[in-house]
Every structure is written in structure tokens, then in C-alpha cells.
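Quick caveat, the model's predicted, so the values are computed rather than measured.
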Amino acid sequence: MKKFNFSCTPKLYFGEGAFDKVKNIIKDYGDKILVITGGTSFEKSFYHKRLLSDLEKNNIIYYLEKVKNEPSPLIIDEISEKYRKENISVVISVGGGSVMDAGKAVSAMLTKNDSVKEYLEGIGKKKHDGDKVPFIAVPTTSGTGSEATKNAVISEVGDRGFKKSLRHDNFVPDCAVVDPRLTASCPKMVTAASGMDAFSQLIEAYLSTDASPMTDALALSGLEHIKDGLIEAYKNKENLDARGKVAYASYLSGVVLANAGLGTVHGFASPIGGYFDIPHGVVCGTLIGELIRINIKNLSSDPNKDGIYLEKYANVGRIFSGKNNLERKSACEALVNEVNKLIEVMEIPRLGDYGIKEEDLDKIIEKTGNKNNPVELKKEELREMLLNRL
């Protein structure tokens, strides 16, 4: 048996009605809470009014902050500085992946007196000691799995932009509340891009060189639920059974990425998200089919490659095609076809729709990581992937 370590959320409340437990969960931490939400969709919802009413009835002091875009160092620093002396008992984020990353970062930086930039991987020179204010994650989208991960992604967009992580084992949320009812108001494109982000995280973790029997089992469970739920959730946002399946898959995608790591698609996502204003889920969704295709091509052409990775791709191909008796080659071909259908049916945008041009590819490739991918891809192959999705 392979040796491995494993970490996950200490407490998870999952399913329709889970959000109703938030008021009681908060009381376990104290009576001073910082609530971080997104733009306006949650604020306009019935659940927002209920949350604030419950806090007031329980005599809990609360502060409200909004994070409308992917969190930047400036946003994290401003919020942290504003509340550093307020003795916040717990930070709770209710929103998409960016909102949860923001809350995670704020909970970590309330205990420090300098900028979050000093602690970002590849940017700062300091290592965070893991000391934080307790953090509760409540996702309103199904995709990033941030409610289960130990990192917060912080971005600066521009010519010298970056997308880097604030990371520590202690940053896994103390509690995650996953209620599929909260995702029902998501626009179709958000459902599609977020769902493809979860899919890419599940399959990259399953194919990771750091995968373990534990992460393999969870990734396959997540992939089965994505297959059963994503298209229906995209077509019918009121279908809570489908949304529950995708929410479950999204949570598992966070668990497995935290423990097994990810591949080249997420290696692309970091520089692309730093240089261009493009949703993370779109980057992952538009490129994952190309990565699967080119990985399978490489693995199939080299007899010295470990067949376990081709068999893993075949396993996923059998799940998505619904044909359990397919032999390996046919199952791998079926997987490529099924993923391309997902991308087409849900109209995942191309990179060019966000202003990315062929002359931008070199700087993207230069910063792209290939960690944990089962194949060491060449620059020409990375360029081919990007060109095919411009």
C-alpha cells in the first residue's frame, strides 16, 4: 500500500436544509461574527434575510463585507485591517469560490499585522504559522471546492499579474455548510463553468502522481455524481436533486485536490487568471478536454509508460459513456468524446472570447506548471492545447 497523509474539513453539514443550522453552528464559536458575501445575488435572497434575523435574535454582533470579484491582496488587506482589533469570534463566507477564498484569507490575516502578499506562494518571503480566526464556509456555487481546501487563491490582474495561494493545513475551514438550495439562483453559465471546474479538479486529482487509494475512491464518487447531475442542473436550475449531486461532487473535488494536487489545466489557470480577467471555471472547463486528449495520446504512444494512468482514464470513460464493458482504448476515446460534448452542450467559452490572442501564449506557457500531471508535457504540446481553444 502506498503511504499517504489525508486532511479534510473537521465538520460538514450537507444537504437540503443544512443552511438552517448556521445560526446554531455560529453560537459554538462566539458572539462576534464577520460575514463575507458576494455581489448582490445572496443579498437579495430569502436566506440572507433569514441569516441576519437569526443573528439578531441570538444577540450576535455581526459585520458585513462584500467581495464582488476574485480577491486581491488589496481587498484582503483592507478587510483584515478594518476588523483586526474587533476581536472577531468567527468569519463566515457565504458565496462562490472567490468569496470563500476571501473569507479564508481574512480569517488567516486577522492574526497578523502585515500584508497577505508577504505570505503568498511564489510572491512573499514569509511562511504563515497557521494561526487564524475560526472560519465557516457556505458555498452558493458548486465548483471550486474551496469549502474543503487548505488554500486561498489571491489574484492581481495585469501585465505583471499573478494568481497565487495562501496555504496552510490549518486553513481548511473549521466547518462547511453545503446546501444545494443556495445554488438554485446561479445563472446557467455559472453552473456550467463551476461544474466544469469541479470536474477538472476531480479528474486531475484522480490522475495525479500524488493520488492515493483514498483520493481515488472519493474522486470516482465525485465523477459519478458530476456525470449524473451536471447537465440536468445546467438545464433545470430548480432540480435540487441534480444540484445536490453537483454540490457533493464539488465538495469532494476540494477534498481530493487538497490531498492529491492537480495537473496542467490548473497550471494554466494560474498565469491565465493573473494576466486576464477570465473566470477560473471557464479556463478549466475550456481546456480540460484538450488536456485529457493529449495526455491519453502521450500515454498510448509510449509502451514504457505506466498503464495505470490509461486505465484510470478508461475508468472515467466507462462512467461517462455508461458502458462498463468497454476495453481500454475505446473507453479512453469515449471519455474524450463525452467531455467534448459537455463543453459543447454547456457552451463553455473559448479563451479568445476574453481577449487572449496567439501572441499571448508564450508568456502563459512560460508560467504554466505541470506538477502532478501524469505526463511531462512539452511546450509545443501546451501551445497546441491553447491554440485549439482560442
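Heavy-atom contacts from other residues, nucleotides or ligands closer than 6.0 Å to CD of E56 number more than 12. The local environment of CD in E327 is crowded, with over 12 non-hydrogen atoms from other residues, nucleotides or ligands closer than 6.0 Å. The local environment of CG in D159 is sparse, with at most 12 non-hydrogen atoms from other residues, nucleotides or ligands closer than 6.0 Å. Dense packing is recorded around NZ of K112, with more than 12 heavy atoms of other residues, nucleotides or ligands lying under 6.0 Å away. Heavy-atom contacts from other residues, nucleotides or ligands closer than 6.0 Å to CG of N370 number more than 12. By the 6.0 Å contact criterion, NZ on K57 is open, its count of non-hydrogen atoms from other residues, nucleotides or ligands being 12 or less.
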What donor-acceptor contacts under 3.5 angstrom involve side-chain atoms of residues 8-17, with partners at least two apart or in another chain?
from, atom 1, to, atom 2, distance (Å)
T9, OG1, E147, O, 3.4
T9, OG1, Y251, OH, 3.0

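No option in R293, R389, K379 other than R293 meets the side chain to side chain donor-acceptor pair (under 3.5 Å) test with E384.
Scanning both residues, I33 and L55, for their nearest heavy atoms gives CG2-CD1, 4.3 Å. Shown here for V116 and D77, the closest heavy-atom pair between the two residues is N-OD1, 3.0 Å. Of all non-hydrogen atoms in G229 and A242, the two that sit nearest each other are O-CB, 3.6 Å.
Inspection of the T191 and K237 side chains reveals no N or O donor paired with an N or O acceptor under 3.5 Å. Side-chain polar atoms of E381 and N298 form a donor-acceptor pair below 3.5 angstrom. Side-chain contact annotation: T149 with K104, donor-acceptor N/O pair under 3.5 Å present. E204 and H266 share a side-chain donor-acceptor pair at under 3.5 Å. Between Y206 and N315, the side chains place a donor N or O and an acceptor N or O closer than 3.5 Å (distance only, hydrogens not considered).
Through direct or indirect side-chain contacts shorter than 4.5 Å among Ile, Leu, Val, Met, Phe, Trp and Tyr, V153 is connected to no other residue.
Between F6 and F4, the two ring planes are perpendicular [angle over 60°; tilted spans 30° to 60°]. Between F199 and F320, the ring planes are perpendicular. Angles over 60° get that label, and only those under 30° would be called parallel.
Residue I123 holds its CD1 atom at 11.0 Å from OG of S165, rounded to the nearest 0.5 Å.
Residues that satisfy the side-chain contact (heavy atoms from CB on, under 4.5 Å) test with K357, not counting sequence neighbours, are E359, D360.
Residues H128 and F171 bring their aromatic ring centres within 6.0 Å.
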